[in-house]
Amino acid sequence: MSEQIQETYKHYIDGEWVEGDGSETFESVNPANDETLGEFHAGVESDVDRAIEAADEAFDEWRELSHIDRAEYLWDIYHELRERTDELGEIVTKECGKEISEGKADVVEAAHMVEWAAGDARHPKGDVVPSEIGSKDSYMRRKPRGVIACITPWNFPVAIPFWHMAVALVEGNTVVWKPSSVTPWCGQIIAEMFEDVGIPDGVFNLVQGFGSEVGNPLVDDERIATVLFTGSSEVGHAIADTVGGEPGKLAACEMGGKNGIIVTEDADLDVAVHSAIMSSFKTTGQRCVSSERLIVHTDVYDEFKERYVELAENVAVGDPLDEDTFMGPLTTTDQVEKFGQFNQLARDEGATVLVDREDLDDAEIPDGHEDGHWAGPFVYEIGYDPELRCLKEEVFGPHVALVEYDGDIERAVEIHNDTPYGLSGAIISEDYRQINYYRDHAEVGLAYANLPCIGAEVQLPFGGVKKSGNGYPSAREVIEAVTERTAWTLNNSKDIQMAQGLSAEITTQDD
Ligand code: UN1
């Protein structure tokens, strides 16, 4: 795709690029300067219907291929992701605003996921299970579920689509994918890759557009076997509610977090400050795993605060294509507005503001980027109170609370767990007992010690507890959402023998 608008980009349905039935188009913009990157056709319900029909028809043949044959298409994509990492990383950065090392890491993470899924095709599948009866062989086998709906967010516009789709396809499902309407350019490029590798028509389908016109009919359609969703908790919970009422259909949703880092009295403060800065400000705070709460023991609070605040005052916010930038702009203007509202909420709830770079100085904004969606760190301290909304609600921006605690690790974990969310978190401590207590009692799906709470690798399960998720739409654990288990038992004898001592004798009235 060129950077100039030369055409309006289309949907990819049943192996064809199509304009669809809608009359609306929408634009992708660069958050660093608000310039238009491309124009796209917005899908409507009948486009979704055709995409599902194509995926449904393609399923019968696709499922008959071996895992290894299906994985061949993914290996070609893997090589393309590897060869084009720099180029695609730049596109990610231009479309979603994260600084260039993160743009490239997004593509590398996608390549890792594809490598994992394609490599897994040659690994043993299922289990051999013992039977009480010597002549019976029992197995747990997996079957593909059918057509999988994938709905993905803008913050990892290349990696997360492959979290959803790579394992789903290798396992024999077909997919209909709706990328975020904020990052359609990345969607276009991924669809071009599937076309390049010659994936059979209908196995992969892309419908661009909005939740109301594309996402909703996709979730509601009875031909969809599983909905995989990564994004906001409002949308994710609505999807889980809808799908929960439809027998046989599954939803696996991964939503946000209000992630915390505990810094205990036994912390190495170099590790603590480094981990906290990375967790709060990488991706401009727009990871589901970003940390918006730092829970710090009173013995180390003042020193931690001084060092953290000094860095937060100075981290380089700027042009995300510049390698010296630490933090790019927020992705959308809605995020800028939400960030401002939550900063005000924290002030209203009694916060003492320590760093306020909400409105960057003109001098900090790079030339030609005056219309970018800029925001810098906003850091405050506030006394812990279970009623405070600013300690419970996710902002998805560089908005960070410092909370001082006095007491033992149990107290720290109690504060840490006092949010409706439970995605990621970390403890910084040199004391293994504190670390192990955190590991066993922190209410999160991803837990770290002496590390940032971001940066999970694809071979780990990725998902949360409480409001952060149900099911794992991501990485290796997605297999549970895209396959059906069969408990398969074969009798090698001519006699029928039952387990549990159940008699197999058929008696008649004459007996
Ligand atoms: C997200 O937080 O939205 O663990 C995805 C990480 C990345 C993925 C983050 N592997 O930080």
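Read the numbers this way: they start at 1 and go in the same order the structure lists the ligands and their atoms. Predicted, not measured: the structure shown is a model, and the values here were computed from it. The first residue in the sequence is number 1, and the count goes up from there. Note: hydrogens, waters and symmetry copies are ignored here, and every other heavy atom, side chains too, is used.
Among protein heavy atoms, atom 9 (C) of ligand 1 sits closest to F156 CE1, 3.6 Å.
Residue R287 approaches ligand 1 through these ligand atoms, each under 4.0 Å from one of its heavy atoms: 2 (O), 6 (C), 7 (C), 11 (O). Below 4.0 Å from some heavy atom of N155 lie the following atoms of ligand 1, by number and element: 1 (C), 3 (O). If you number the atoms of ligand 1 from 1 as listed, the ones under 4.0 Å from a heavy atom of I454 come out as 11 (O). Atoms of ligand 1 found under 4.0 Å from any heavy atom of E109, numbered from 1 in the order shown, are 7 (C), 8 (C), 10 (N).
Using a 4.0 Å cut-off between charged nitrogen and carboxylate oxygen, R145 and E171 do not count as a salt-bridge pair. No salt bridge links D120 with R476; every basic N to acidic carboxylate O contact stays at or beyond 4.0 Å.
Taking the six-membered ring where the residue is Trp, F204 and Y12 present tilted rings, their angle falling between 30° and 60°. Using the six-membered ring where Trp is involved, H11 and H41 have ring planes that are tilted, between 30° and 60° apart.
Within a 6.0 Å sphere centred on CD of E306, other residues, nucleotides and ligands contribute 12 heavy atoms or fewer.
Contact annotation: for E457 versus ligand 1, there are no heavy atoms closer than 4.0 Å. Contacts with ligand 1 closer than 4.0 Å are made by no heavy atom of L446, backbone or side chain.
When the heavy-atom distances from atom 3 (O) of ligand 1 to C288, G257, P153, G231 are ranked, the shortest goes to C288.
At least one heavy atom of W163 sits under 4.0 Å from some atom of ligand 1.
In this structure, CD on E414 lies 10.5 Å from CD on E443, to the nearest 0.5 angstrom.
I151 pairs in a side chain to side chain contact (heavy atoms under 4.5 Å, CB included) with only one of the listed residues (V176, L218, L228), which is L218.
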